[in-house]
Amino acid sequence: MARRAQPVGRYAGGATALGLVALTLGTLGAVAWRAGSAGGLTGGLGPADWAALRFTLLQAGLSAALSVALAVPVARALARRWFFGRRALIALMGAPFILPVIVAVLGLLAVFGRGGILNAGLAALGLAPLSIYGLHGVILGNVFFNLPLAVRLILQGWLSIPAERFRLAAALGFAPAEIARQIERPMLREIVPGAALAIFLICLTSFAIALTLGGGPRATTIELAIYQAFRFDFDLGHAATLAALQFAISGAAMLLALRLTLPQASAAGLDRPVERWDAASPWLRAQDAVLTTLAALFLLTPLALIVTQGLPTLLTLPGIVWTSALNSLVVALASAGLATAAALALALAITGPRPALYEAAGMLPLATSPLVLGTGLFLILNPVVDPSRLALAVTALSNAAVALPFGLRALVPALREVEASHGRLADALGMQGLARLRLLILPRLRRPLGFSMGLAAALSMGDLGVVTLFAPPEGGTLPLQLYRLMGAYRMNDAAGAALLLLILSFALFWIFDRGGRADAEA
Amino acid sequence: MLKLENLRLTQGDWTLEADLGLPAGTRCALIGPSGAGKSTLLGAIAGFVPPARGRILWQGQDLGSQAPGARPVSILFQDNNLFPHLTTAQNVGLGLRPNLRLTADEHARVAEALARTGLQDFGARKPAALSGGQQSRVALARALLRARPLLLLDEPFAALGPALRAEMLDLVARICAETGATLLMVSHDPGDACRIADQTIVVADGRAAPPEPTEALFADPPEALRRYLGEG
């Protein structure tokens, strides 16, 4: 149906697209120019940098493989069993997306760290303690975040198999092994590669986990190497060279991902199990019960420890923690507003005629990484103004860019649906431009707008990325402050700050998402 | 006079042709089998379906270049005639100003239109709190306020029972009499057509026939209409 062009959407969408191009490709240009003058991409790379490249690929590959391999049996158990708390467990699998990385790391340290409960148990048995730091620590952190994602993606695959096929299999007397061969494996062959690639892509830009659980010459990702070149050596040329390398990898991975449609997790319809006639044996029941319990424990124990260890110090945290929390709130709100406004403008343009360029602009943030963006901004700003004075603004801006694709993913389908159901009526009444935006689009999009605001705010609240490059020694955001407390081994204060960060992140998401749903009629 | 001049509409390999005129002030029914293109024809007049060929003229003026909202047309769709997040009064007020910035005088006109359609007590309600018949009245109250010379009905009352549908058609007839509007309505029911329409256009076999007096048409239906009515 021919919808009349909407000037408001076109102008705002065009401005947003240009802003994104400037922010991503502009910073990349600054990086490339600086890297070029520092000896070119290959000339400027030392043995340590090649080691970082190898480690980045290795940890991402192992994390993806392990997450998916563990997710398959857990998803199968969730798909074929109903038990009390099943719904809550599936909802919990969505939580790591807005869980601040640094909080999760602190929780993992409380379980697997030097003084964690695992080593306490080993000591009680007279065994030598395990160290969490290094490749296995980085992978542990990545799996903690990505196992739930993989479970949700694969569970979706399981639940998308028509129930009639299991009924037919039962009528034909298939044993579990035959069902696996005839029905389940073909589904897994379709879902698993995409899920693994999605996780591989996420882990390629692993920074906060590598910063806290990796480090040292043998466990440094490129993102972390950029930070070290910045922070310890203040070698901007070297940082720029590494940033160009990171962009080349992210870009290549992005092109790979475009050829393979990545599956997308959605919460819809995951709360009904499939009826299975083949899986009633006590052995299979016990196996599924053990698997779901282990998965729940793996996810819940670190979070429970954050809560119990953080509560005693929550109200007596030092003043600097509270001021950085305030900084973080301001950054999160600014970033959420910016990301959502930009996503809406771009979504309006994408649902109009000739959307290709706008769609491409909306994907640019996926191809860049926060640290590359930060390096570029630093190189651009440094000659003009003291970058540390702009630390919070730059953090908000880069967080908004990172959150924008998720906002688009929520808004574009919703906008299409609004135009399909009410666009003709609005056209017939001559509702155009701002009147259409105010009277039709904004009210109808309350839910996805609220979701997008909540997601962007929570992501920004917990982000430990660009701010590490820019923040002055005493300033910065709550995640950065938490990292400093951990670095200073002030673990009691760190636990309190982690709990505060956890509460703020989830509260921000909950308030906005809830606000979008409140008295949303028909 | 509404003129469909050598008009052809196409969607894929489906086509509909029309070459006819309808005098201003006529109340005309469109009747024919489903899929024949009755709704598409209304959609073309309202500006949602660009013609593959030919022109649509109202009082000698080509409507082709006008956006749907700028045409001398009010249309009621089969469903989604109201915005669910706006109140009854706001939905009606959109007929005066698409940005809802109404003056005091315009608010009074909205209240009057609501009163004339029996909705005086429902101005603050949202569509979900109204019955199907009341929702139809809201859409008609808006058409009354817009007072465009062409009123197109794409079976907006299809979901209502026979008594309620007859009541709505009477209200439509009153509105047309008051505003002097030319009515063009899709209908499945010969009873509806006879009740309100003095002229009828048969849409069948890829063609919209010129309008004929409704009574004469049903007294001696042509072949295409006979097939549709199931009379052999």
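All figures in this text were calculated on a predicted structure; none of them were measured in a lab.
Heavy atoms closer than 4.5 Å to chain A are found in the side chain of B:Ile75, but not in its backbone. In this structure, the portions of B:Phe83 lying under 4.5 Å from any heavy atom of chain A include both its backbone and its side chain. Of the atoms belonging to B:Arg97, not a single heavy atom falls under 4.5 Å from chain A. Interface residue B:Leu82: only backbone heavy atoms are found under 4.5 Å from chain A.
Across all their heavy atoms, A:Met431 and B:Pro98 have their closest contact at CG-O, 3.5 Å. Contact detail for A:Ala428 and B:Arg146: the closest heavy-atom pair is O-NH2, 3.1 Å. The minimum heavy-atom distance linking A:His422 with B:Asn80 is given by the pair NE2-OD1, 3.6 Å.
Between the CG atom of A:Leu445 and the NE2 atom of B:His85 there is a distance of 10.0 Å, given to the nearest 0.5 Å. Between atom CG of residue B:Leu94 and atom CG of residue A:Leu429 there is a gap of 6.0 Å, rounded to the nearest 0.5 Å. In this structure, A:Leu425 CG and B:Asp79 CG are separated by 10.5 Å, a value rounded to the nearest 0.5 Å. Between the CG atom in A:Leu434 and the CG atom in B:Asn99 there is a gap of 9.5 Å [rounded to 0.5 Å].
Within a 6.0 Å radius of CD in B:Gln120, more than 12 heavy atoms belonging to other residues, nucleotides or ligands are found. Annotation for A:Arg514: atom CZ does not count as buried by contact number, only 12 or fewer foreign heavy atoms lying within 6.0 Å. Counting non-hydrogen atoms of other residues, nucleotides and ligands closer than 6.0 Å to CZ of B:Phe122 gives a total above 12. The number of heavy atoms from other shown groups lying within 6.0 Å of CH2 (A:Trp510) does not exceed 12. For A:Leu357, the CG atom sits in a loose shell: 12 or fewer heavy atoms of surrounding residues, nucleotides or ligands are nearer than 6.0 Å.
With contacts defined as side-chain heavy-atom distances shorter than 4.5 Å, the pair B:Pro84/A:Arg444 qualifies. No side-chain heavy atom of A:Arg424 sits under 4.5 Å from any side-chain heavy atom of B:Pro68.
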